[in-house]
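As the structure is a prediction and not an experimental result, all values here were calculated from the model.
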Amino acid sequence: MCGIFSIYSKEIIKPSYFLQSLRELEYRGYDSAGVAYFQKDNLNIVKTVSKIKDLEIKLKKNINTSLILGHTRWATHGKPSIKNCHPHNYKDIVLVHNGIVENYDELKSSNILKRNKFKSETDTEIVAHLISYYLKKEGSLARAVFKVGKIIKGSNAFLCVHKDIPDLLIAYKNKTPLYFGIRKNDQYLFSSDTNAMKNNLDKYYYFNNEEIIEIKDNNFKCFDKNMKIKNIKMASYKESSNNEVMNKEENKSITYNEIRSQRLLIPKTFNAFNKIKKYLTKINKPSEIVIIGCGSSFNAGMLGKYYFEQISKIPTHVYSPSDFNYFHKNNSKVLYIFISQSGETADTCNLLESNAKFFKNSISIVNNSDSRIVKNTKYNLNLNLGIEKGVAATKTFTVELLFLYFLSIIFSKNYHRIKYSNFKKNFTKLFNLEKNIKEIAKSFYKSNNIFILGRNYTYPVALEAALKIKEISYIHAEAALSSEMKHGPIALLEPNFPVIYLLSNDNESILKEITNMYETSTRTNKILLLSTAENLKKIEKKFLKKIKYIEIPNVEEYFLPIMFTVPLQYLSYYLANLKKLPIDQPRNLAKVVTVV
């Protein structure tokens with residue numbers, strides 16, 4: 001969601017140098033951007049409702065400044081506009097903010113603010129007004145921020161400066177992620193993630209809740225939630241693994257490159273199994289598993305349920321965090337698995353932090369080992385994929401599946417059951433299907449609706465495919481169990497209504513699945529089938545000639561979900577590509593969902 005980045009320096013900061021770092025927050029999703037900077041002790045604010053490259057045009061190259069605040073906004077209160085864009089200012093206070101002030105309406109009508117005039121529709125402007133009010137009372141910007149931090153509710157991080165004090169910067173964080181860093185040239189940095197800070201970064205610190213950092217006269221102090229000075233231990237920064245390099249395929253989009261990168265990442269992930277097994281030796285086999293996640297992480301959890309129940313024989317339940325309310329039960333033998341690509345998903349973090357004692361027996365699966373979820377779970381499994389910049393999850397989803405499969409094998413104690421010779425041999429063949437999938441997409445991209453039907457392990461894959469198609473191609477896609485088609489959804493079918501069938505390899509249900517497909521074909525002539533070669537032999541050749549189909553290479557059963565997923569990622573990409581849509585940054589979406 002919103003991104004914050006700031007540099008405080010002894011030396012002059014070049015605008016191009018600053019904007020290069022601010023661009024590293026673009027992947028989070030944004031609809032406007034802005035900066036504030038001091039020039040000869042005068043504070044200047046520049047905004048755009050376009051992309052960061054527009055700021056580069058608006059900013060003069062001859063700027064001489066040693067303090068810049070930058071922001072990318074994902075609208076929550078008020079539409080994308082110049083007046084709602086950050087930085088916001090009131091009187092002498094200027095700030096950039098990430099989060100939501102949940103008691104915004106209450107504060108706006110309070111005795112403190114009810115006579116004030118507001119220029120924007122945002123909750124952020126409220127914070128500026130409150131800081132200005134308490135600055136008069138406290139005489140200290142840091143103490144004013146401390147007072148405001150105790151009043152505002154929700155998840156919030158912000159940086160603020162005073163127009164008349166160009167060498168003072170205050171940062172505050174509660175729940176919403178914020179990092180403090182020091183570069184090797186002694187520049188001080190604040191950022192919503194380490195990705196924007198990474199260039200020449202020496203060490204960094206992840207704020208605890210309700211902490212404040214004050215930088216004044218090129219020195220910094222940290223204050224705890226009681227406004228007591230606190231010594232902080234900064235971590236040395238290490239470049240992430242070379243997995244990120246694998247994203248850098250030729251041309252196309254970031255999302256396309258991340259789909260392609262799985263050719264190398266997936267086979268390499270098998271090397272993590274022994275390390276995970278050793279790390280989790282102290283965990284006893286649970287009597288029950290509960291998986292919690294949002295979006296693609298929820299869908300991965302649905303496949304985790306399949307793995308745990310089939311391989312480990314452990315009853316497993318999957319919840320969205322907003323739907324979990326089972327705090328009354330005895331959970332001494334329950335293992336909770338929290339899944340989040342960013343490790344900062346607000347819904348998941350809030351649930352976990354709401355009752356840390358209840359969730360004490362927990363594992364997190366994330367792609368960011370220095371994140372909010374990791375700090376609140378007993379064990380952490382890091383996907384270690386390098387940053388995923390496309391808003392739509394691709395490589396993180398498939399590797400989550402592998403990690404969940406590894407866990408199911410570990411809990412089964414049958415380590416010899418990992419057999420993947422066919423998978424290893426055939427996985428890269430999936431990428432040879434790209435040309436065929438691109439052609440198939442030409443028959444579907446003008447559709448307004450798509451059904452995706454699956455059963456057994458292909459049902460969670462259908463859920464994920466529907467999500468991907470919605471996210472990046474803006475086509476209403478709905479996943480359903482193929483066995484449920486007759487119980488309502490079939491009423492929507494018309495002659496050209498697209499239906500994607502994912503046939504599982506389950507011997508008990510395969511003939512029923514094929515029968516369901518035949519029934520559907522009597523109502524629509526637009527069917528795409530994904531099936532293994534083995535199952536294609538069970539379908540009438542005459543029928544196959546009437547439809548489009550993708551042959552999935554035969555591999556070991558538990559790796560088939562990945563084999564079905566990658567072609568569907570390609571399909572969603574080409575549906576969006578043919579519609580000429582912004583695939584890497586779809587409208588209204590944010591990569592890191594840090595507000596509820």
Side-chain angles (χ1 to χ4, degrees), residues 240-241 243 265-293 297-319 321 324 330-343 345 348-349 351-353 355-385 395-420 423 556 558-559 561-562:
S240 59
S241 72
N243 287 336
L265 291 175
I266 295 295
K268 184 179 177 182
T269 300
F270 282 89
N271 297 332
F273 175 73
N274 286 328
K275 185 178 178 182
I276 293 172
K277 183 176 74 170
K278 184 178 180 181
Y279 174 60
L280 298 178
T281 50
K282 293 181 181 178
I283 295 186
N284 295 320
K285 182 176 179 178
S287 61
E288 180 185 341
I289 290 174
V290 173
I291 303 174
I292 295 167
S297 294
F298 177 89
N299 296 337
M302 291 288 284
L303 274 158
K305 171 183 170 66
Y306 173 79
Y307 289 142
F308 289 125
E309 293 186 343
Q310 294 290 316
I311 299 172
S312 315
K313 311 302 180 189
I314 302 172
T316 302
H317 307 280
V318 186
Y319 294 95
F324 184 90
N330 181 347
N331 68 341
S332 59
K333 294 184 179 180
V334 179
L335 175 66
Y336 296 92
I337 300 178
F338 291 87
I339 309 177
S340 165
Q341 286 95 25
S342 67
T345 307
T348 309
C349 290
L351 174 66
L352 179 55
E353 292 168 3
N355 199 329
K357 188 176 179 182
F358 183 85
F359 295 118
K360 63 182 178 181
N361 191 29
S362 56
I363 297 175
S364 55
I365 300 177
V366 300
N367 195 36
N368 177 6
S369 60
D370 195 18
S371 59
R372 191 173 159 193
I373 286 178
V374 171
K375 294 178 187 303
N376 288 285
T377 49
K378 188 173 182 179
Y379 300 95
N380 164 47
L381 301 180
N382 183 13
L383 300 177
N384 196 30
L385 297 173
K395 62 179 183 175
T396 51
F397 176 77
T398 50
V399 175
E400 282 171 359
L401 299 190
L402 275 181
F403 273 42
L404 289 163
Y405 169 72
F406 292 161
L407 285 175
S408 70
I409 292 291
I410 290 167
F411 292 141
S412 75
K413 303 294 184 184
N414 292 322
Y415 305 136
H416 64 280
R417 291 182 67 174
I418 291 196
K419 295 176 181 177
Y420 60 98
F423 179 73
E556 293 80 2
Y558 294 117
F559 301 115
I562 293 173

J.: For Leu402 and Ile562, run side-chain contact (heavy atoms from CB on, under 4.5 Å): C-alpha distance rounded to whole Å, both residues' side-chain angles, the deciding distance at 0.1 Å, then the answer.
T.: CA-CA 9 Å; Leu402 275 181; Ile562 293 173; 3.7 Å; yes
J.: As an exercise, state the distance from NZ of Lys375 to CG of Asp370, rounded to the nearest 0.5 Å.
T.: 4.5 Å
J.: Please assess Phe298 against Ile291 for the test side-chain contact (heavy atoms from CB on, under 4.5 Å), listing each intermediate value before the final yes or no.
T.: CA-CA 8 Å; Phe298 177 89; Ile291 303 174; over 6 Å; no
J.: Of all the heavy-atom pairs spanning Leu352 and Ile373, show the shortest one and how long it is.
T.: CD2-O, 3.8 Å
J.: Return the minimal non-hydrogen interatomic distance between Ser287 and Pro315, and the atom names on each side.
T.: O-CD, 3.4 Å
J.: Between Ser312 and Phe411, what is the shortest heavy-atom contact and its length?
T.: OG-CB, 3.8 Å
J.: Using a 6.0 Å cut-off, check whether atom NZ of Lys277 has over 12 heavy atoms from anything other than its own residue.
T.: yes
J.: Could you tell me how the ring of Phe406 sits relative to the ring of Phe273: parallel (under 30°), tilted (30 to 60°) or perpendicular (over 60°)?
T.: perpendicular
J.: Which atom names give the shortest non-hydrogen contact between Ile311 and Ser408, and what distance separates them?
T.: CD1-OG, 3.4 Å
J.: Is the side chain of Lys395 donor-acceptor paired with the backbone N or O of Leu385 at a distance under 3.5 Å, no angle test?
T.: yes
J.: Please lay out, stage by stage, how Thr316 and Ile337 fare under the test side-chain contact (heavy atoms from CB on, under 4.5 Å).
T.: CA-CA 10 Å; Thr316 302; Ile337 300 178; over 6 Å; no
J.: Would you say the ring centroid of Tyr558 lies under 6.0 angstrom from that of Phe423?
T.: no
J.: Within the distance-only criterion (no hydrogens, no angle test), does the side chain of Ser364 pair as donor or acceptor with the backbone N or O of Thr377 below 3.5 angstrom?
T.: no
J.: To the nearest 0.5 Å, what is the distance between CG on Leu407 and CG on Leu335?
T.: 8.0 Å
J.: Would you please indicate if the ring centroids of Phe324 and Phe359 are separated by under 6.0 Å?
T.: yes
J.: Using side-chain heavy atoms (C-beta onward) and a distance below 4.5 Å, is Pro321 in contact with Thr348?
T.: yes
J.: Any donor-acceptor pair under 3.5 Å linking the side chain of Asn376 with the backbone of Cys349?
T.: no
J.: So, do Val374 and Asn382 sit near enough that their side-chain heavy atoms are less than 4.5 Å apart?
T.: no
J.: Which pair of non-hydrogen atoms, one from Gly343 and one from Ser340, has the smallest distance, and what is that distance?
T.: N-OG, 2.8 Å
J.: Is there a side-chain contact (heavy atoms from CB on, under 4.5 Å) between Phe403 and Ile339 once you walk through the steps?
T.: CA-CA 11 Å; Phe403 273 42; Ile339 309 177; over 6 Å; no
J.: Quick check against the 3.5 Å criterion: does Tyr279 have a side-chain atom that pairs as donor or acceptor with the backbone of Asn380?
T.: yes
J.: With distance as the sole test, does Lys285 use its side chain to make a donor-acceptor pair with the main-chain N or O of Ile314 at under 3.5 Å?
T.: no
J.: Gln341 and Ser297: which non-hydrogen atoms are nearest, and at how many Å?
T.: NE2-OG, 3.3 Å
J.: I need the Phe358 CZ to Asn331 CG distance, nearest 0.5 Å.
T.: 4.0 Å
J.: Would you give the length of the straight line joining atom CG of Leu404 to atom NZ of Lys305, rounded to the nearest 0.5 angstrom?
T.: 13.5 Å
J.: Quick check on the 6.0 Å ring-centre criterion: do Tyr405 and Tyr420 meet it?
T.: no
J.: I want to check something: taking the side chain as every heavy atom from C-beta on, are Tyr307 and Pro561 in contact at a cut-off of under 4.5 Å?
T.: yes
J.: Starting at CG of Leu381, measure out to CG of Asn367 and round the result to the nearest 0.5 Å.
T.: 12.0 Å
J.: Could you tell me the separation between the CG atom of Leu401 and the OG1 atom of Thr269, rounded to the nearest 0.5 Å?
T.: 11.0 Å
J.: Strictly distance-based, threshold 3.5 Å: is any side-chain N or O of Lys378 a donor or acceptor partner for the main-chain N or O of Lys360?
T.: no
